[in-house]
Structures are given as C-alpha cells and as structure tokens.
**Q** 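Here's a structure for you.
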Amino acid sequence: MPELPEVETMRRTIAGCVGTQVAAVERCPCPRKPILVSPRIDHLRRRLVGRTIVGTGRAGKRVVVQFDSDDKLVLEPRMTGLVLVADPPSAEHLRLRIGLDSGGRVVRDGTAASQLLYWDRRGLGSVRLFRPDEFAAAFGPEKLGPDGLDVTGPLLREKLGKSRRAIKVALLDQRAVAGIGNIYASEILHVVHIDPRKRCDRISKTDWQRIADATLEVLHEAIRCEGSTLGDGTYRNALNQEGTYQNLHRVYGRAGEVCPSCSDGEIRQVVQAQRSTFFCPACQRR
DNA sequence: CATATGTCCTGAGAGC
DNA sequence: TGCTCTCAGGACATAT
C-alpha cells in the first residue's frame with residue numbers, strides 16, 4: 001500500500017542514483033506471472049543502457065526516474081511493490097534489476113548506488129518507460145490531480161465541493177488529489193473530526209481548508225517517519241528498512257481501541273467502496 | 001456526465 | 001496439523 005509518503009520516501013532514498021549511468025537492465029527470473037514491463041525488455045534495455053539518470057520525481061503514488069534522453073521510467077508499486085537500491089526482502093519476488101555504473105562515486109549513507117531494483121510480492125505493479133509526450137498524456141492534469149503536498153482549501157473545494165460522494169471515498173480519487181490512499185484518508189479525517197461518510201457537497205468552505213491543512217500535516221509527518229510499515233511488513237524504504245508512522249496512526253488499523261483524541265469513543269471500522277475506513281463515531285461529525 | 005462495482009494478484013491469518 | 005476461505009487496497013475497465 002505505498003501511498004504518497006511511502007513513495008516519496010522511496011524517491012528520496014534512490015536520489016543517490018542521480019548522476020549514475022545504466023549498465024544493465026534485466027528482468028529477474030520469477031516463477032510467477034510476470035509484472036507489466038513496457039516496452040518489452042529488449043527495447044527497454046536499448047533505450048536505457050548508457051543513459052544517465054538526471055533526476056527523480058513522483059507522479060502521485062509512482063516513482064519517476066528521469067534520464068538524459070528525456071525518457072522517464074515510471075515505477076508503480078500499487079499494493080506490494082518496492083523500489084530498492086539495497087538488497088530486497090526476498091530474491092523470489094524480484095522483478096526487474098537495473099545495474100548502475102556510479103563511476104566510483106559514493107552516495108548517501110556511504111552506499112555506492114550500483115543498482116535499482118523493482119520487487120513486488122503480489123505483482124500488481126508495473127515498470128514503464130515513457131517518452132515526454134507519452135508521460136504528459138498519462139500523468140498530466142487530466143489524469144492526475146494536484147499533488148497531495150500542494151493541496152489547498154480552495155483547490156479541494158473546487159475539485160470535490162459539488163460531489164455527492166462520501167469525503168473519504170473522494171479523497172482516494174487520484175484525479176482530485178494525487179497520492180492519498182486508504183491509510184492517510186482515514187488519518188486526515190480523524191485529525192479534522194469529520195465523519196468519513198459525510199458527503200462532499202455538505203462540507204463547508206472552512207472545513208475544506210481544515211482538510212487541506214490536515215492533509216499537509218499528516219503527509220509531511222508521515223514522510224518524516226519514512227512511511228507506514230503495517231503488520232505484514234511489506235512496505236520498506238529503498239534501503240529495505242521499515243517506516244515508523246504506523247506507530248503514530250490515530251485510527252487506521254485500530255478498530256476497538258479508545259480514540260486518541262476524545263478518549264470518549266471506540267474506533268470503528270466500516271467498509272466504503274470496498275475498502276476499510278477507520279474513524280471515531282464520538283468525535284468525527286457528519 | 002458522475003458514481004459504483006469488478007478485476008488483477010499473493011500470502012497472512014482465521015476458522016474448522 | 002493442515003486444509004479452505006477471506007481479506008488486504010493500488011489503478012483501471014466496465015457497468016449503472
């Protein structure tokens with residue numbers, strides 16, 4: 001479940017790859033159904049080998065690696081994918097390896113960036129290379145809303161103010177805001193004491209502002225903690241280390257516990273749009 | 001048009 | 001113990 005904070009953490013951890021050159025690109029022998037890699041591996045290799053990484057970025061919940069050819073490699077972890085520079089959690093689910101030539105330079109933590117790996121247990125993710133026009137078409141403002149770290153009250157109100165959907169469901173809409181996923185949607189709404197089932201078109205102007213403020217606050221704090229590693233331990237940063245924001249979760253995964261805010265209610269778990277939502281019925285109001 | 005639902009995939013954990 | 005079943009929620013396709 002890498003969401004914005006987890007993907008941003010991955011991005012920051014691979015920043016040391018900037019300046020390195022691609023020496024090899026190989027699909028890893030994985031006995032399972034192969035993940036989506038495009039273009040096909042020989043074409044991908046032809047377009048990447050010898051190219052220099054000139055930057056890293058993020059498109060919502062995707063890691064973007066920029067090359068001197070102006071091509072962009074988009075790594076999309078979806079549920080269980082990881083972008084790594086260190087050894088992966090298991091060899092079994094390694095999907096793609098990009099060998100890097102760092103020219104003897106030393107990067108973050110004294111680790112030479114010698115490889116960029118894509119690992120994915122469930123294999124719902126993908127690795128795709130885009131030319132600039134293709135990238136713009138796939139991830140432009142038509143497809144992806146403003147980034148979660150750039151959200152403002154007026155922007156949220158403009159995008160969602162007339163929607164009849166429940167606010168928690170709407171916050172997961174990547175065309176409205178890019179990067180918020182199931183964990184942080186519940187967390188954000190608990191901060192502002194708004195019921196996740198409240199309809200967007202019944203949310204006041206000042207509450208949109210409060211939601212925007214809470215979004216920034218929660219996302220920045222989660223990035224500071226390098227994301228949330230849940231009980232299954234799947235999410236790791238690019239050095240294969242756990243995040244710590246799960247320890248600060250107010251409601252997510254805490255059904256039955258006392259509300260950390262009002263100490264008056266018990267955290268409830270409900271299902272909205274086929275996904276679990278966690279909230280405090282006592283202090284989050286419709 | 002807006003919104004809702006089904007689909008992909010694997011492994012952990014529940015329940016018998 | 002060992003099996004079967006359900007669930008986890010990313011994005012997108014299809015349905016309403």
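A, B, ... follow the sequence lines: proteins, then strands. Residue 1 opens every chain.
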**Q** Tell me which nucleotide among C:dA8, B:dT3, B:dT10 gets nearest to the side chain of A:Arg165.
**A** B:dT3
**Q** Which part of the nucleic acid, if any, lies within contact of A:Gly181, taking any heavy atom under 4.0 Å across all strands shown: a base, the sugar-phosphate backbone alone, or nothing?
**A** sugar-phosphate
**Q** A:His93 side chain N/O closer than 4.0 Å to the phosphate oxygens (OP1, OP2) of B:dG11?
**A** yes
**Q** Distance only, no hydrogens: is a donor on one side chain within 3.5 Å (strictly under) of an acceptor on the other, for A:Arg11 and A:Thr56?
**A**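 Their side chains do contain a donor-acceptor pair, which is all the 3.5 Å distance test asks for.
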**Q** Do A:Arg275 side-chain and C:dG10 base share a donor-acceptor contact under 3.5 Å?
**A** yes
**Q** With a non-hydrogen cut-off below 4.0 angstrom, is A:Gln174 in contact with a base, only sugar-phosphate, or nothing?
**A** sugar-phosphate
**Q** For a quick check under 3.5 Å, do A:Asn237 and A:Glu226 share a side-chain donor-acceptor pair by atom type?
**A** yes
**Q** The side chain of A:Ser276 lies closest to which of these nucleotides: B:dC9, B:dG11, C:dG9?
**A** C:dG9
**Q** Taking the side chain of A:Arg62 as heavy atoms from C-beta outward, which of C:dA8, C:dA11, B:dT5 is closest to it?
**A**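 The listed nucleotide nearest to A:Arg62's side chain is C:dA11.
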**Q** Starting the side chain at C-beta, find the nucleotide from B:dG11, C:dC12, B:dC8 nearest to A:Leu124.
**A** B:dC8
**Q** A:Arg164 has a side chain; which of C:dC12, B:dC9, B:dT3 sits nearest to it?
**A** B:dT3
**Q** Closest approach of A:Val22 and A:Val25, non-hydrogen atoms and distance?
**A**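 Closest approach of A:Val22 to A:Val25, heavy atoms only: CG1-CG2, 3.8 Å.
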**Q** Side-chain N or O of A:Ser163 less than 4.0 angstrom from OP1 or OP2 on B:dA2?
**A**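 Answer no for this pair, as no side-chain N or O of A:Ser163 is under 4.0 Å from OP1 or OP2.
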